[in-house]
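Data block below; observations after.
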Amino acid sequence: LKEVQNDLQEDILKSKELFAYYKRRDSIIQLALDHKLTRADYLSDKKYAYINVAMNAFHLKIHSNGYKNFSDNLDNLPETYKEIIAPLNEIYTYNKYEIDKFDTRLDKITDRLMDNQGATKPWFYNVQQGKVSDEAIQFYLNDSIYKNDLSLYKNATFHLTRHVYDFNENAINACRRIAELTGKLKELPDFIPHHLIDATPQQFQELKGKYTLVKVKTPSGEIQEVNSPGVMEVDEQRLVYLDIESNATTVLYFKNKTTLYSMDGEVTILKNKNNRVIRLISKNQNYEGEYIKTE
């Protein structure tokens, strides 16, 4: 189980690199598909980021040696640990299968795109040497077949990152459960969300109740007024926030006395002069949200 946990932790860290890698490429591809890239972009110091945007892929190969050793010894598994079998099976069968499938698809797209340009575009060699001709620029700006390839790449990365996100969430939960079963919860690294302080029952109770998301700030700075209800509950020494409209849940843990965190971001706890929780400010890479405690 410790070997499985080490494998999962290594892959969780790798998945964070994958998210960042494809987020950069997705933004560039969207600019290209929206015809917002210009001739100057393909002549700038960042030209290779635009030219090669769909010619490379980030590979996440799930480590499974620990799981194999675990599976080979199920006959010796104590009854206490058997509850971890189903979560691990989901990770190493379904999650791994879907990740491998779209990883392979991306390889096929990138290889075909590069091979086709090498075989049909006389200027391809010069472009890779830093000499970008007007003909090459016109191709990257306007060729409809090239835009189709960008769209296929973007579609494949969307599905890949979605399945990696599912894996990441399941892997984090499995790591935490293994740590609980083996009595080593405090040895988990910080990137596996868990209570980094010994939270008191009072701290949990202070956060329980009904909330309303009243304001959202986007990465561009745009502020949107909203009115989305939710509720914070305590489940097995975990804080679980339920968005009532979407039915989405977020599991939160204490980072310190004034901050909660999850696999997606952090939440700042704000209190009034009577030391009562009145607001939560949630931040992640996509938005900042303000929640008012209503009850």
Side-chain angles (χ1 to χ4, degrees), residues 1-23 57-107 156-197 235-241 248-255 260-266 284-285:
L1 282 174
K2 186 64 178 176
E3 186 181 3
V4 170
Q5 191 180 48
N6 288 337
D7 285 347
L8 290 173
Q9 289 175 183
E10 184 175 343
D11 292 335
I12 289 166
L13 285 176
K14 197 72 173 177
S15 72
K16 295 180 184 296
E17 296 179 41
L18 180 143
F19 293 139
Y21 181 92
Y22 284 120
K23 183 180 180 181
F58 187 102
H59 299 291
L60 177 64
K61 299 300 182 184
I62 305 300
H63 293 82
S64 55
N65 285 342
Y67 174 71
K68 184 179 183 306
N69 291 336
F70 173 78
S71 299
D72 289 344
N73 286 278
L74 288 181
D75 290 343
N76 301 320
L77 189 67
E79 190 69 29
T80 308
Y81 296 149
K82 289 191 175 179
E83 67 176 80
I84 201 65
I85 294 175
L88 292 182
N89 285 344
E90 181 175 2
I91 290 170
Y92 289 102
T93 52
Y94 175 74
N95 292 148
K96 185 177 184 302
Y97 169 79
E98 293 293 346
I99 290 171
D100 288 345
K101 180 174 72 175
F102 284 101
D103 185 76
T104 300
R105 173 156 177 74
L106 273 168
D107 261 350
T157 62
F158 168 79
H159 288 289
L160 175 64
T161 53
R162 180 169 62 86
H163 288 297
V164 172
Y165 182 89
D166 290 343
F167 160 80
N168 200 43
E169 189 173 50
N170 289 339
I172 285 174
N173 290 335
C175 280
R176 190 162 46 237
R177 192 63 191 128
I178 289 172
E180 291 170 350
L181 289 171
T182 57
K184 300 182 183 296
L185 191 59
K186 291 187 176 182
E187 296 179 15
L188 283 174
D190 291 357
F191 63 84
I192 305 291
H194 63 288
H195 296 306
L196 301 183
I197 62 170
D235 176 28
E236 295 183 354
Q237 294 301 298
R238 304 181 307 168
L239 289 161
V240 181
Y241 186 82
T249 59
T250 302
V251 181
L252 296 160
Y253 297 87
F254 279 96
K255 187 173 186 179
L260 307 173
Y261 79 124
S262 67
M263 61 182 291
D264 293 323
E266 292 189 352
N284 61 30
Q285 62 181 359

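Only a predicted model underlies this, so the values are computations on that prediction, with no experimental measurement involved. Index from 1, following the sequence.
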Side chains of Asn6 and His63: does their closest heavy-atom pair fall under 4.5 Å?
no
Shortest non-hydrogen contact from Ser262 toward Pro193
C-CG, 3.7 Å
Applied to residues 77-103, the ring pair (Phe, Tyr, Trp, His ring centres under 6.0 Å) test, sequence neighbours excluded, yields Tyr67-Tyr92, Phe102-His159, Phe102-His163
Between Asn69 and Glu3, is any pair of side-chain heavy atoms under 4.5 Å apart?
yes
Quick one, Lys61 and Asp103 - any side-chain contact, counting heavy atoms below 4.5 Å?
yes
Answer yes or no: is there a side-chain heavy-atom contact under 4.5 Å between Val251 and Leu239?
no
Are the side chains of Thr250 and Asp264 in contact, using a 4.5 Å heavy-atom criterion?
no
With sequence neighbours excluded, what pairs up with Asp72 under the salt bridge (charged side-chain N to carboxylate O under 4.0 Å, His left out) test?
Lys68
Please walk me through it: do Phe70 and Ile85 pass side chain to side chain contact (heavy atoms under 4.5 Å, CB included)?
CA-CA 9 Å; Phe70 173 78; Ile85 294 175; 4.1 Å; yes
Can you list the steps and then say if Val240 with Leu252 is a side chain to side chain contact (heavy atoms under 4.5 Å, CB included)?
CA-CA 6 Å; Val240 181; Leu252 296 160; over 6 Å; no
Using a 6.0 Å cut-off, check whether atom NZ of Lys184 has over 12 heavy atoms from anything other than its own residue.
no
List in chain and number order the residues that pass side chain to side chain contact (heavy atoms under 4.5 Å, CB included) with Glu17, two or more places apart in sequence or in another chain; answer none if no residue qualifies.
Lys14, Phe58
Quick one: does any side-chain atom of Gln5 pair with a main-chain N or O of Cys175 as donor and acceptor, under 3.5 Å?
yes
For Tyr241, the ring-ring contact (aromatic ring centres under 6.0 Å, His included) test, sequence neighbours excluded, returns Tyr291
Can you confirm whether Ser64 sits close enough to Lys96 that some side-chain heavy atom of one is under 4.5 Å from a side-chain heavy atom of the other?
yes
Distance, nearest 0.5 Å, that separates CG of Asp100 from CD1 of Ile62
7.5 Å
Report yes if some heavy atom in the side chain of Val164 is under 4.5 Å from a heavy atom in the side chain of Tyr22; otherwise report no.
no
Take Leu260 and Phe254 through the side chain to side chain contact (heavy atoms under 4.5 Å, CB included) test and state the conclusion after the steps.
CA-CA 4 Å; Leu260 307 173; Phe254 279 96; 3.6 Å; yes
For Gly265 and Asn284, which heavy atoms make the closest approach, and how far apart are they?
CA-CB, 4.1 Å
Do Ile178 and Leu181 pass the side chain to side chain contact (heavy atoms under 4.5 Å, CB included) test, and can you show the C-alpha distance, the side-chain angles, and the key distance before you say yes or no?
CA-CA 5 Å; Ile178 289 172; Leu181 289 171; 5.5 Å; no
From Glu187 CD over to Lys2 NZ, what is the distance, rounded to the nearest 0.5 angstrom?
5.5 Å
To the nearest 0.5 Å, tell me how far Ile99 CD1 sits from Thr161 OG1.
10.5 Å
By ring-ring contact (aromatic ring centres under 6.0 Å, His included), His59 pairs with (sequence neighbours left out) none
Once you round to the nearest 0.5 Å, how far does CG of Leu1 lie from CG of Leu88?
7.5 Å
Between atom CD1 of Ile91 and atom CG of Asp7, what is the distance when rounded to the nearest 0.5 Å?
11.0 Å
Who are the ring-ring contact (aromatic ring centres under 6.0 Å, His included) partners of Tyr253, not counting sequence neighbours?
His195
Taking the side chain as every heavy atom from C-beta outward, state whether Ile192 and Leu8 have any atom pair closer than 4.5 Å.
no
Nearest-0.5 Å distance, CD of residue Gln9 to CD1 of residue Ile172
10.0 Å
